[in-house]
Amino acid sequence: MKKLILSIITSIIISAASFALPGFTAFIPDSAGEYVYYRDSSFTRESYIGILGYDDATIQIRYFAPKDDEAKLPAKEIAILITVDPKADFWNMTGEKIISTILPDTDDTDIVNYLHDLLYEFSARRISAGTIESDKVIADQDFAQFGGNVSITFDARIPLFNIRTITDSKGSKAFDCVTIGTIKSSEDKSFEAFKGVSGPKPEVTKETRKTAKAKICKFENRQVTLDESWEQKMENFWTLGNDSLITMSALPQVSENKVLNDLYVQRKLLESTEGSYTDFQNCEITYTQAKDSYKIVSTSYFPENGINVCITKILTRNTNGGFDYFSISTYQTAYLKNPAYFDKIIKSYK
């Protein structure tokens, strides 16, 4: 149990292994191993499209549909390894290798062709969008694969093509980012193991915690009010049994460009870690100008155990241009039993 909580501690690391896809320069350089998954509602069954970047010449695109008991459909997976000309100013595919099983007398071949078309279209539309230096740039375009007239929302925090959502003419999200992440090594199977971003919400009975003596816990110039139920494990690290974990630290400035710095840090803090998936669709980010502070509320799903972890992160600009960082991670079952208790702790941070 404790291993799962510990695995969601995230550090900001500037990767030297960055790359650029053909035809445009991303505001936030993509790093080797970064990926994005989308829910693709153009299919009649639940379907996901994942794109993983290895370098400026090699990517993988994967289609996955979970087993559908009602429609009596087995799970389906199609994965293609693709190479492109990195020196071209457009999407010039130079090779491919299908790395999954293609079944005869099925729609697998049609899906392979669809995946090819998506990459060509995404590249062309990203190139035509020009500079994307914010979390929301909307372009109205005609997109046959999604029914004609659509609105594409670009977001610099989304790796690779920076596409966050594609909304059809009826206002429905036909294509929507569900998670982003980075695989850390060849042993990290997070991309190929993806089957969804959330487990069932547990049914719990709310409980009232016994009053315990309050204590102020400090790290450098920041503090949070806990109680005697919490145990300090390190200078900046506290745990509530196996239910919850708090860390406080400082994150360095990664760019003198404030917008780039902030979007880069947000991307890294929202990326899934090995063995878990951040629910990007339902994360909430609020900015308080008076404090120059961001609050990020999200949920991470651990499929191996079928559990969700509720995470709140607070970033407050410090005098060095970086951020003072606070994070509290709590198993969803524990949080739902007494949300007011954990919310009070978050509000006490200053």
Side-chain angles (χ1 to χ4, degrees), residues 7-38 49-62 79-88 91 119 122-123 126-127 129 131-135 154-164 177-194 197 249 251-278 280 283 285 294 296 298 300 313 315 322-323 325 327:
S7 69
I8 61 178
I9 299 175
T10 307
S11 60
I12 301 296
I13 300 174
I14 303 174
S15 174
S18 61
F19 66 92
L21 292 176
F24 67 94
T25 301
F27 190 47
I28 302 174
D30 294 314
S31 299
E34 282 192 299
Y35 67 84
V36 53
Y37 264 99
Y38 299 92
I49 304 292
I51 306 172
L52 165 67
Y54 293 100
D55 53 43
D56 56 4
T58 312
I59 71 162
Q60 182 186 158
I61 186 166
R62 176 177 180 258
I80 312 171
L81 194 64
I82 290 175
T83 57
V84 297
D85 179 1
K87 297 181 180 180
W91 190 261
L119 291 175
F122 283 2
S123 175
R126 176 60 187 86
I127 291 170
T131 302
I132 304 295
E133 296 185 351
S134 76
D135 59 2
F154 294 95
D155 183 340
R157 298 170 303 180
I158 307 298
L160 302 170
F161 297 105
N162 301 143
I163 293 174
R164 179 169 180 173
C177 173
V178 295
T179 198
I180 60 176
T182 303
I183 59 171
K184 302 300 183 183
S185 67
S186 59
E187 286 75 37
D188 185 344
K189 306 301 181 184
S190 300
F191 180 78
E192 60 194 70
F194 176 88
V197 294
S249 61
L251 303 181
Q253 182 183 39
V254 295
S255 173
E256 293 183 358
N257 182 322
K258 183 178 178 181
V259 176
L260 175 57
N261 181 84
D262 293 7
L263 291 176
Y264 176 91
V265 172
Q266 288 176 42
R267 178 193 281 197
K268 293 304 176 183
L269 291 180
L270 288 169
E271 285 188 330
S272 304
T273 57
E274 184 173 1
S276 68
Y277 301 101
T278 301
F280 194 92
C283 70
I285 301 178
Y294 294 92
I296 303 173
S298 62
S300 276
K313 300 171 182 177
L315 300 162
F323 289 110
Y325 174 64
S327 173

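Every value quoted in this text rests on a predicted model; they were computed, and no experiment measured them. Heavy-atom basis, side chains included; hydrogens, waters and symmetry copies ignored.
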With side chains defined as the heavy atoms from C-beta onward, is the minimum distance between I59 and V84 less than 4.5 Å?
no

Going by side-chain hydrogen bond (donor to acceptor under 3.5 Å, both in side chains), name the residues that satisfy it together with Y35, two or more places apart in sequence or in a different chain.
none

Test side-chain hydrogen bond (donor to acceptor under 3.5 Å, both in side chains) applied to D85 - qualifying residues, sequence neighbours left out:
none

T278 side chain to S300 main-chain N or O, any donor-acceptor pair under 3.5 Å?
no

Would you say the side-chain atoms of T58 pair up with the backbone N or O of D55, donor to acceptor, closer than 3.5 Å?
no

For D155, give me all partners under salt bridge (Lys or Arg N to Asp or Glu O under 4.0 Å), at least two apart in sequence or on another chain.
R157, R164

Using modelled atom types and a 3.5 Å cut-off, is there a donor and acceptor pairing between side-chain atoms of Y37 and backbone atoms of R62?
no

Sequence-distant partners of D262, side chain to side chain contact (heavy atoms under 4.5 Å, CB included), two or more places apart:
K258, Q266, Y294, R317, F323

Residues K87 and D56 bridged, charged N to O under 4.0 Å
no

Between K313 (side chain only) and L269 (backbone N and O only), is there a donor and an acceptor less than 3.5 Å apart?
yes

Do the ring planes of F161 and F24 sit parallel (below 30°), tilted (30 to 60°) or perpendicular (above 60°)?
tilted

Counting N and O atoms only, with roles assigned by atom type, does the side chain of N261 sit under 3.5 Å from a partner on the main chain of V254, one being a donor and the other an acceptor?
yes

Set of residues satisfying side-chain hydrogen bond (donor to acceptor under 3.5 Å, both in side chains) with respect to S298, sequence neighbours excluded
none

Apply side-chain hydrogen bond (donor to acceptor under 3.5 Å, both in side chains) to E187 and list each qualifying residue two or more places apart in sequence or on a separate chain.
S185

Side-chain heavy atoms of L21 within contact of S123, under 4.5 Å:
no

Check: N257/S255 side-chain N/O donor and acceptor closer than 3.5 Å:
no

Any donor-acceptor N/O pair, E34 side chain to S31 backbone, under 3.5 Å:
yes

Can you find a heavy atom in the side chain of F280 that is under 4.5 Å from one in the side chain of I158?
yes

Please check this pair: side chain of Y277 against backbone of S190, looking for a donor-acceptor N/O pair closer than 3.5 Å.
yes

Could you tell me whether a side-chain N or O of D30 sits under 3.5 Å from a main-chain N or O of L160, the two making a donor and an acceptor?
yes

